[in-house]
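Since the model is a prediction, treat every value here as computed from it, not as a measurement. Position 1 is the first residue of the sequence; numbering continues from there. Just so it is clear, the values below take in all heavy atoms, side chains as well, and ignore hydrogens, waters and symmetry mates.
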Amino acid sequence: MNIVELSSLTKIYKNGRGIRNLSLNIEKGQVFGLLGPNGSGKTTTMKIMAGLILPNSGEARIFGHTPSDDMEQAMQKVSCMIETSSFYPYLTSGQNLEIIRRLYHGIPEARKNQVLQLVGLASHVNEKAEKFSLGMKQRLGLAMTLLPDPELLILDEPYNGLDIEGMADVRDIIKNQAQRGRTIIISSHLAGEIEQVCTHVAVIRDGALLSSAALPKLLTEYGSVESYYMELISHREEIAS
C-alpha cells in the first residue's frame with residue numbers, strides 16, 4: 001500500500017532552484033531517506049507533501065488524498081518537523097506540548113511526559129524553551145512531532161544541531177517508531193545516518209531524482225550509501241560532459 005505518491009512534481013523558485021518532474025512512491029512501513037546536499041530540493045519536496053506549498057505542476061497524494069484539495073483528510077495521520085522547529089520560547093517544554101495536545105482529539109495528558117522521556121527532555125519539562133540549546137530545541141521539536149502518535153512521520157534533517165549522543169538518541173527513536181509500523185520519511189545530507197536507519201533511499205540533486213533503491217539491494221551492489229551516492233554523481237557528471 002502506497003502511503004505517499006508523488007507524480008511528476010515540479011516547483012521552481014525565482015532563483016531557479018526547486019524540483020523538476022520528481023516522482024516517488026513510499027509504501028506503508030518504509031523508512032524512506034531523501035539524501036542530497038543542501039539546496040537539492042529535499043525540503044521543497046517535503047513541504048509539498050505536507051501541503052505547505054503548492055507545486056507548479058504534478059501531484060502529491062498522502063493516504064490517497066491531495067493536500068491542496070483535501071488538507072484535513074490528507075494530513076489526519078501525519079506529523080511533520082520541517083526546517084526549524086516552531087514553538088513559543090517564553091513557554092516551558094511542557095506548556096508547548098500542551099498547546100499541541102489540545103489541537104488534537106483524544107491525546108491523554110500523560111502522553112506529554114512519555115514523549116519528553118523519549119527525546120531526553122523529561123527533566124526539562126518546566127524549563128522555558130528560550131533557554132534551550134540548539135540540540136534541545138531540536139529534541140523539543142521532535143517531541144511535538146511525536147505527540148499525536150502519527151502513522152506517517154516527515155522529518156526534515158532531524159539530526160541538525162545534535163551532538164553524538166543526540167544523534168544516537170534520534171536514531172533509536174526512529175528505529176523504535178519503525179518497529180511500531182510507522183512510515184517515516186527522513187531528509188538528510190548525512191549518508192551514514194541514512195544508512196543506519198532507512199529501508200529505502202532516494203538521491204536528489206539539483207532538484208532532480210537521480211535514483212532510488214531498497215537499502216539491502218543498494219548495500220549488496222555498492223557496499224555503502226556513500227558509495228551509491230558518489231557513483232550516481234560520477235555517472236551524472238560523465239553524461240553531462
Notebook entry, point to check: At what distance, to the nearest 0.5 angstrom, does NZ of Lys131 lie from OG of Ser93?
Noted result: 12.0 Å

Item checked: Under 3.5 Å donor-acceptor, Ser234 side chain and Met230 backbone -> no

Notebook entry, point to check: Between the side chains of His65 and Gln76, is a donor N or O closer than 3.5 angstrom to an acceptor N or O?
Noted result: no

Notebook entry, point to check: Do Tyr228 and Val203 pass the side chain to side chain contact (heavy atoms under 4.5 Å, CB included) test, and can you show the C-alpha distance, the side-chain angles, and the key distance before you say yes or no?
Noted result: CA-CA 9 Å; Tyr228 171 65; Val203 174; 3.7 Å; yes

Notebook entry, point to check: Counting distance only, does the side-chain N/O of Lys11 pair as donor-acceptor with the main-chain N or O of Leu54 below 3.5 Å?
Noted result: yes

Note to self: Within this structure, what is the OG1-CG distance for the pair Thr220 and Leu215, rounded to the nearest 0.5 Å?
What the structure shows: 9.0 Å

Notebook entry, point to check: Hey, is CG on Leu103 packed in by over 12 heavy atoms from elsewhere, all under 6.0 Å?
Noted result: yes

Margin query: If hydrophobic clusters are built from ILVMFWY residues whose side chains come within less than 4.5 Å, do Tyr104 and Ile99 share one?
Written below: no

Margin query: Return the OG1 to CG distance between Thr45 and Leu209, rounded to the nearest 0.5 Å.
Written below: 9.0 Å

Note to self: Using side-chain heavy atoms (C-beta onward) and a distance below 4.5 Å, is Ile204 in contact with Leu210?
What the structure shows: no

Notebook entry, point to check: Same cluster or not: are Ile53 and Val78 linked, directly or through other Ile, Leu, Val, Met, Phe, Trp or Tyr residues, by side-chain heavy atoms under 4.5 angstrom apart?
Noted result: yes

Checklist line | Any Leu153 side-chain heavy atom under 4.5 Å of Ile185 side chain | finding: no

Margin query: Quick one: does any side-chain atom of Ser188 pair with a main-chain N or O of Leu190 as donor and acceptor, under 3.5 Å?
Written below: yes

Item checked: Residues Lys112, Glu98; criterion salt bridge (charged side-chain N to carboxylate O under 4.0 Å, His left out); working and verdict -> CA-CA 7 Å; Lys112 293 188 298 181; Glu98 178 61 18; 3.0 Å; yes

Notebook entry, point to check: Between Thr10 and Ser57, is there a donor-acceptor pair closer than 3.5 Å when you use the side chain of the first and the backbone of the second?
Noted result: no

Check: Are Ile184 and Val197 side-chain neighbours, meaning at least one heavy-atom pair lies under 4.5 Å?
Finding: no

Check: Mind checking whether Leu22 and Val201 sit in one hydrophobic cluster, side chains of I, L, V, M, F, W, Y counted as touching below 4.5 Å?
Finding: no

Note to self: Could you go through Leu152 and Lys28, starting from their C-alpha distance and side-chain angles, then the distance that decides it, and tell me whether this counts as side chain to side chain contact (heavy atoms under 4.5 Å, CB included)?
What the structure shows: CA-CA 9 Å; Leu152 171 62; Lys28 180 177 174 61; over 6 Å; no

Next item on the list: Indicate the atoms forming the closest heavy-atom contact of Asn25 with Gln30, along with that distance.
Entry: O-OE1, 4.4 Å

Note to self: Ignoring hydrogens and geometry beyond distance, is a side-chain donor-acceptor pair present between Asp156 and Ser187 at under 3.5 Å?
What the structure shows: yes

Check: Should the pair Glu59-Arg61 be classified as a salt bridge under the 4.0 Å nitrogen-to-oxygen rule?
Finding: yes

Notebook entry, point to check: CD of Glu72 to CG of Asp70: how many Å apart, nearest 0.5 Å?
Noted result: 7.5 Å

Item checked: Verdict with supporting geometry, Asn160 and Gln138, side chain to side chain contact (heavy atoms under 4.5 Å, CB included) -> CA-CA 7 Å; Asn160 275 355; Gln138 190 77 346; 4.0 Å; yes

Margin query: Looking at Ser227 and Gly223, would you say the former's side chain and the latter's main chain have a donor-acceptor pair under 3.5 Å?
Written below: no

Checklist line | Atom NZ of Lys217: over 12 foreign heavy atoms under 6.0 Å | finding: no

Next item on the list: Step by step, work out the side chain to side chain contact (heavy atoms under 4.5 Å, CB included) result for Gln114 and Leu147.
Entry: CA-CA 9 Å; Gln114 290 175 359; Leu147 187 69; over 6 Å; no

Notebook entry, point to check: Heavy atoms, side chains only, cut-off 4.5 Å: are Gln177 and Ile174 in contact?
Noted result: no

Notebook entry, point to check: Between the side chains of Tyr229 and Ser224, is a donor N or O closer than 3.5 angstrom to an acceptor N or O?
Noted result: no

Next item on the list: Measure from the side-chain N and O atoms of Glu5 to the backbone N and O of Leu24, and report whether any donor-acceptor pair falls under 3.5 Å.
Entry: no

Note to self: Restricting to non-hydrogen atoms, name the atom on Lys42 and the atom on Glu157 that form the minimum distance, rounded to 0.1 Å.
What the structure shows: CE-OE2, 3.5 Å

Notebook entry, point to check: Parallel, tilted or perpendicular: which describes the rings of Phe132 and His124, with under 30° parallel and over 60° perpendicular?
Noted result: perpendicular

Notebook entry, point to check: Linking I/L/V/M/F/W/Y whenever their side-chain heavy atoms sit closer than 4.5 Å, directly or via other members, would Ile107 and Val119 fall into one cluster?
Noted result: yes

Note to self: Using 0.5 Å steps for rounding, measure from the NZ atom of Lys128 to the CG atom of Asn96.
What the structure shows: 11.5 Å

Margin query: Any non-hydrogen side-chain atom of Pro150 less than 4.5 Å from a side-chain atom of Arg182?
Written below: no

Checklist line | Nearest heavy atoms of Gly41 and Ile19, plus distance in Å | finding: O-CG2, 3.5 Å

Notebook entry, point to check: For the atom pair CE (Met46) and CD1 (Ile48), what is the distance rounded to the nearest 0.5 Å?
Noted result: 12.0 Å

Check: Quick check: are there more than 12 heavy atoms from other residues, nucleotides or ligands sitting under 6.0 Å from OH of Tyr13?
Finding: yes

Notebook entry, point to check: So which heavy atom on Val115 is nearest to which on Ala143, and how close?
Noted result: CG2-O, 3.9 Å

Margin query: Could you tell me if Arg205 and Ser40 have a donor-acceptor pair between their side chains, going purely by distance under 3.5 Å?
Written below: no

Next item on the list: Considering non-hydrogen atoms only, spot the tightest contact between Leu9 and Ala60 and give its length.
Entry: CD2-N, 4.0 Å

Notebook entry, point to check: Does Lys77 count as lying over the ring of Phe63, i.e. NZ or CZ under 6.0 Å from the six-ring centre, within 45 degrees of the axis?
Noted result: yes

Checklist line | Closest approach of Ser23 to Ser8 (non-hydrogen atoms, all atoms of both residues) | finding: OG-N, 2.7 Å

Checklist line | Heavy-atom donor-acceptor pair, Asn2 side chain to Val4 backbone, under 3.5 Å | finding: no

Next item on the list: Before accepting this row, confirm whether a basic side-chain N of the pair Arg20/Asp206 lies closer than 4.0 Å to the acidic partner's carboxylate O.
Entry: no

Notebook entry, point to check: Is there a side-chain contact between Phe87 and Lys137, using heavy atoms and a 4.5 Å cut-off?
Noted result: yes

Notebook entry, point to check: Considering only heavy atoms from C-beta outward, does the side chain of Ile82 approach that of Leu52 to under 4.5 Å?
Noted result: yes

Next item on the list: Taking the side chain as every heavy atom from C-beta outward, state whether Thr92 and Glu127 have any pair of such atoms under 4.5 Å apart.
Entry: no

Item checked: Same cluster (ILVMFWY, side-chain, under 4.5 Å), Ile186 and Leu162 -> yes

